[in-house]
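Take a look at the structure set out below.
Hydrogens, waters and symmetry mates play no part in the numbers below; they use all other heavy atoms, side chains included. As the structure is a prediction and not an experimental result, all values here were calculated from the model.
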Amino acid sequence: MSYTAEHPSWWRRWATHHRVAAAVLAGSVATHLATVFGFWLGGLGMMRLDWNTSQGWVFIPFGTPLEKFLVGGLSHYVDGIVFAVIFACALHPALPWHSTVRGNLAKGLLFGTLLACVSISFMTPFVFAPARGLHPGFLSLGFGRKYVAGVFLWHWVYGLHLGLIYSPLGRHGSPGEAAPVESDRGAVAA
């Protein structure tokens, strides 16, 4: 038996039958991997993205650096998990791509792009930056293009892992989308 990228693995079958659990797991792993990647961005010559501390500034602005990191980190990971469940329940089924491995990756990357747009247009300029007394301006461009590029890269890492892990089969358990119903088969054959 040979395996291809579209072969229905045990993982995809499990994700199909346990969608919320798969979304929670995908959100946890995707958030963690993207968060570590955000710290590594500084080593790549880009702005280091520390979403844990950024959220800590919002919730406990007068806390110690450790308190900000821990409280912000808890909030950040909960956000990543909640967004993954929203993705799985609302957005994933509505997107036009088939539930193949590639289709699920495309859905995850699109969702990551959407979150990056929300981040640079709303969350950074109106929530995170003002908590520190900063004003990055329109689309966070005041922080520079490396910041904006880093935000997109961070969210693409999140979306990539979300789509890899939350990768259910099609509606009828096939690697692609649903098989045509009986009434459609005559139309297809004609």
Kindly work out whether a path of hydrophobic side-chain contacts (I/L/V/M/F/W/Y, heavy atoms less than 4.5 Å apart) joins Tyr166 to Leu95.
-> yes
Are the side chain of Lys68 and the backbone of Ile60 linked by a donor-acceptor contact shorter than 3.5 Å?
-> no
Please confirm whether the backbone N or O of Gly72 pairs with a side-chain atom of His76, one donor and one acceptor, at under 3.5 Å?
-> no
Heavy-atom closest pair (Pro130 atom, Pro125 atom, distance to 0.1 Å) is CG-O, 3.2 Å
Can you get from Met46 to Leu139 by hopping between Ile, Leu, Val, Met, Phe, Trp and Tyr side chains that sit under 4.5 Å apart?
-> yes
Mind checking whether Phe87 and His92 have parallel, tilted or perpendicular rings, split at 30° and 60°?
-> perpendicular
Are Tyr77 and Phe69 joined in one hydrophobic group, where the rule is that I, L, V, M, F, W and Y side chains link up if heavy atoms are under 4.5 Å apart?
-> no
Met123 versus Ser140: any side-chain heavy-atom pair under 4.5 Å?
-> no
Taking all non-hydrogen atoms of both residues, which atom of Ile165 and which atom of Trp11 are closest, and how far apart?
-> O-NE1, 2.7 Å
Solution key, residues 142-158 side-chain donor-acceptor pairs under 3.5 Å, sequence neighbours excluded:
{"from": "Lys146", "atom 1": "NZ", "to": "Gly45", "atom 2": "O", "distance (Å)": "3.0"}
{"from": "Tyr147", "atom 1": "OH", "to": "Thr124", "atom 2": "OG1", "distance (Å)": "2.8"}
{"from": "Trp154", "atom 1": "NE1", "to": "Ala34", "atom 2": "O", "distance (Å)": "2.6"}
{"from": "His155", "atom 1": "ND1", "to": "Val151", "atom 2": "O", "distance (Å)": "2.8"}
{"from": "Trp156", "atom 1": "NE1", "to": "Thr113", "atom 2": "OG1", "distance (Å)": "2.7"}
{"from": "Tyr158", "atom 1": "OH", "to": "Gly80", "atom 2": "O", "distance (Å)": "2.7"}
{"from": "Tyr158", "atom 1": "OH", "to": "Ala84", "atom 2": "N", "distance (Å)": "3.4"}

Please examine the side chains of Thr53 and Pro65, heavy atoms only from C-beta on, and report whether any two atoms are closer than 4.5 Å.
-> no
Under a 4.5 Å side-chain heavy-atom rule over Ile, Leu, Val, Met, Phe, Trp and Tyr, are Ile81 and Leu160 clustered together?
-> no
Got Phe83 and Thr31 here, is their nearest side-chain heavy-atom distance under 4.5 Å?
-> no
What are the two closest heavy atoms between Ala131 and Trp57, and how far apart are they?
-> O-CE3, 3.6 Å
Atom OG of Ser119 and atom CG of Leu115: how far apart are they, to the nearest 0.5 Å?
-> 8.5 Å
Ring pair (Phe, Tyr, Trp, His ring centres under 6.0 Å) contacts touching residues 122-142 (sequence neighbours left out) | Trp51-Phe128, Phe122-Phe126
When you look at CH2 of Trp40, are more than 12 heavy atoms from neighbouring residues, nucleotides or ligands closer to it than 6.0 Å?
-> no
How many angstroms lie between atom CG of Leu109 and atom CG of Asn104, to the nearest 0.5 angstrom?
-> 11.0 Å
If two hydrophobic side chains count as joined below 4.5 Å and joins carry through other members, does Leu164 share a cluster with Val85?
-> no
Donor-acceptor pair, side chain of Thr16 and main chain of Leu169, under 3.5 angstrom = yes
Is the shortest heavy-atom distance from the side chain of Leu49 to the side chain of Phe37 under 4.5 Å?
-> no
Side chain to side chain contact (heavy atoms under 4.5 Å, CB included) test vs His32 passes for just one of Thr35, Val29, Val36, namely Val36
Heavy-atom donor-acceptor pair, Arg12 side chain to Pro168 backbone, under 3.5 Å = yes
